[in-house]
Protein chains: 2
Amino acid sequence: MKKKRTTLQDIADRVGVTKMTVSRFMRNPEQVSDTLRHQIQAALDELGYIPNRAPDILSKAKSHAIGVLLPSLTNQVFAEVIRGIESVLEPAGYQTMLAHYGYSKTSEEQRIATLLSYNVDALIISESQHTERAQKMLENAGIPVVEIMDSVAHSRLPAVGFDNRAAAFEMTQAMIARGHQKIAYFAARMDERTLQRIQGYEAAMAEAGLSPYIKKSDQASSFTLGAQFLEQLLEEFPQADGIFCTNDDLAIGALYACQKRGILIPEQMGIAGFHGHDVARAMVPRLATVITPREDMGRIAAEQLLLALNGEATHTTPIALPYQIDCGESLRC
Amino acid sequence: MKKKRTTLQDIADRVGVTKMTVSRFMRNPEQVSDTLRHQIQAALDELGYIPNRAPDILSKAKSHAIGVLLPSLTNQVFAEVIRGIESVLEPAGYQTMLAHYGYSKTSEEQRIATLLSYNVDALIISESQHTERAQKMLENAGIPVVEIMDSVAHSRLPAVGFDNRAAAFEMTQAMIARGHQKIAYFAARMDERTLQRIQGYEAAMAEAGLSPYIKKSDQASSFTLGAQFLEQLLEEFPQADGIFCTNDDLAIGALYACQKRGILIPEQMGIAGFHGHDVARAMVPRLATVITPREDMGRIAAEQLLLALNGEATHTTPIALPYQIDCGESLRC
DNA sequence: TTGTGGTATGTTACCTGTAACAATAATCAC
DNA sequence: GTGATTATTGTTACAGGTAACATACCACAA
């Protein structure tokens, strides 16, 4: 019942040549005589040959596959990063192998091992800190690795990202400049990048002589969590007149919760998010947000990887891409 | 410079045994004597061995990888489908290889070929119609294939989805029941599933003696497109009092555009979307929408695939999962 | 005719983990 | 002590495409 896969040998037998000749035809038909060319093509069509990368992967340890390791796939941010990556890798003939690790370092280690066991030619990762074993694996693998999402060099790996701290600093400044003073920060799952954003927020608040007020949670960010945070904030810190959220999901949830309660945006409460989702930019009022270079990050990281794979020089220092502060309609003027 | 990958042979040499013994240790440490066990473990740690699936894929044509073929990765709908798939496949020890084809049939054919060339053990696809060559490849491959997103059997493949036509029919009926009459349909990229939804809309309108009004586009759906459609609708069909959109993106775009123009929702215009995004359900007013079983679809499809891979019986007829009509706050009461 | 060059095809070996079988040593029952 | 049994390790072969090298053949120049 389990009919074996058609191999080059099957084609060769049908035509009466060796598989080497068929192999030549596959890679460069010009190398084969006219007569055989037609016969081989006919046999291929008839038997339905599907190329098999396994032998090549085994003998050359080149898979033409590239591993992409992200904390989450459901987060819209990473969907756009993926689009950027694929826009470069797919035309270059590389297949991407996606894996996610739910922000857990040990899970990341396992994913790295899995991807390496498939002989990926290169890796795109989104953390700068790993378990010791993961770190060692990455070094041992001897393949190009690029780190995304962050432009602050923690490791010695090539990196493509943006400055999370500076972006949050600037947005906080913008909020203060527009007359918001008692600004709270909403943070969900505390990864390295959120910590940097908090630092930026705290620095800007301190510079203006204002005291920070931070709400944290271990949960993943969601609209619901944003709404919950808002309710809590109104209880705990009713004088608040501004909220800066670590991402748009929280901000949108908080904004809707304000609307339900009849709190005026931006008069009574200024709200800002982070990343510049399509929703944030389409909604009424338009959400103030930091527009981050999500797709570019993926694209440029993939380009760096291709350079490395071709043995060409890559950026030795982290590439910091520009972001954009959009004050939208959810901050005072 | 390119130090070769550490192999079992390297470990074996270090310990002074054959690689077969090391292989046994890897698969079942009990089979190896105490003394060797410790030595081998030490050598593995020291040399940083990373398993290599390539030989196994070559000799058994089993990769423990499963191909997932989706029209788009940026669409939030598919992100949730992926989450469902991974929630089953990852614990089962399978790596997913994701590929997307941008709704193009020829591109889908290429992706299928690529995934098969990596010896995926099974495939999850999201179309029921393929190019002739793609169809032949799927048959020749001799691996389990499950189709998702649709419960209407076009092919003979196992399918897990929901009834797009019936869902659209019911939502249209609900809109009519709530007093909306001149209901327009907004459709973006016309894939098979959107066509089915349009059929459901048309049938419900016909049943109520109302005339359909459909706006179509080749573009991908987006908030912007929803807003554009709304502007056009107000020009071309100003008496419209309801809009049913083929997905939430269009609906949200149209809703925001109404808000900007001061059109009252739902009094002057009823709006309904499709899929039940988080945003749709969090926004003010809450969007009427068909809540589709996105994550379940992925999960159950993956479960069916595991059954097939274990040689157990799978559903022979398409599995139609339940959906839910949520009238939200964007339809009259 | 011999030699040279080029084209078309064949042969061999390789990549690495493991199934299948073989061998060896140690243990035990009688 | 002999044969049987078990535990442990070794040997061989295999999967399929292709690099590298070898061969065969023909055309043409000297």
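Proteins get letters first, then strands, A, B, ... in listed order; numbering begins at 1 in each.
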R5(B) side chain to N140(A) side chain, donor-acceptor N/O pair below 3.5 angstrom: no
Side-chain donor-acceptor contact under 3.5 Å, H100(A) with E86(B): yes
Separation of atom [atom1] in [X] from atom [atom2] in [N], rounded to whole Å:
{"X": "K62(A)", "N": "dT18(D)", "atom1": "NZ", "atom2": "C1'", "result": "16 Å"}
{"X": "K60(B)", "N": "dA20(C)", "atom1": "NZ", "atom2": "C1'", "result": "12 Å"}
{"X": "H64(B)", "N": "dG17(C)", "atom1": "NE2", "atom2": "P", "result": "16 Å"}
{"X": "Q9(A)", "N": "dC14(D)", "atom1": "CD", "atom2": "C1'", "result": "14 Å"}
{"X": "D13(B)", "N": "dT16(C)", "atom1": "CG", "atom2": "P", "result": "12 Å"}
{"X": "D56(B)", "N": "dG16(D)", "atom1": "CG", "atom2": "P", "result": "13 Å"}
{"X": "N119(A)", "N": "dG17(C)", "atom1": "CG", "atom2": "C1'", "result": "12 Å"}
{"X": "M26(B)", "N": "dT16(C)", "atom1": "CE", "atom2": "C1'", "result": "13 Å"}

dT18(D) phosphate, OP1 or OP2, under 4.0 Å from S59(A) side-chain N/O: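 For dT18(D), OP1/OP2 do not have a side-chain N/O of S59(A) under 4.0 Å.
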Contact under 4.0 Å: Y49(B) side-chain N or O vs dG17(C) OP1/OP2: yes
Verdict with reasoning, L115(B) to Q95(A), per side-chain contact (heavy atoms from CB on, under 4.5 Å): CA-CA 9 Å; L115(B) 289 175; Q95(A) 164 71 26; 4.0 Å; yes
Of all pairs that satisfy salt bridge (Lys or Arg N to Asp or Glu O under 4.0 Å), the ones with a partner from residues 39-55 of chain B, not counting sequence neighbours: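 Listed once each, the pairs are R14(B)-E46(B).
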DNA chain C: 5'-proximal contact among S23(B) and L58(B) (nearest heavy atom):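 Per heavy-atom nearest nucleotide, the more 5' residue is L58(B).
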Closest-nucleotide ordering on DNA chain D, the 5'-leading residue of P55(B) and E30(B):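 Whichever sits nearer the 5' end wins; that is E30(B).
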Polar-atom pairs under 3.5 Å, protein N or O versus N or O of nucleotides 9-11 of chain C: list them with distances, or write none.
| unit_1 | atom_1 | unit_2 | atom_2 | d |
| --- | --- | --- | --- | --- |
| dT9(C) | OP1 | S33(A) | OG | 2.9 |
| dT9(C) | OP2 | S33(A) | N | 3.0 |
| dT9(C) | OP2 | S33(A) | OG | 3.4 |
| dG10(C) | OP2 | T18(A) | N | 3.0 |
| dG10(C) | OP2 | T18(A) | OG1 | 2.9 |
| dG10(C) | OP2 | T21(A) | OG1 | 2.6 |
| dG10(C) | O6 | R24(A) | NH2 | 2.5 |

Salt bridge flag under 4.0 Å for residues R111(A) and E90(B): yes
Basic-acidic side-chain contact under 4.0 Å: E80(A), R299(A):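 Not counted as a salt bridge, because no side-chain N and carboxylate O are separated by less than 4.0 Å.
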Passing option when I124(B) is tested against I85(B), V145(B), L69(B), T96(B) for side-chain contact (heavy atoms from CB on, under 4.5 Å): I85(B)
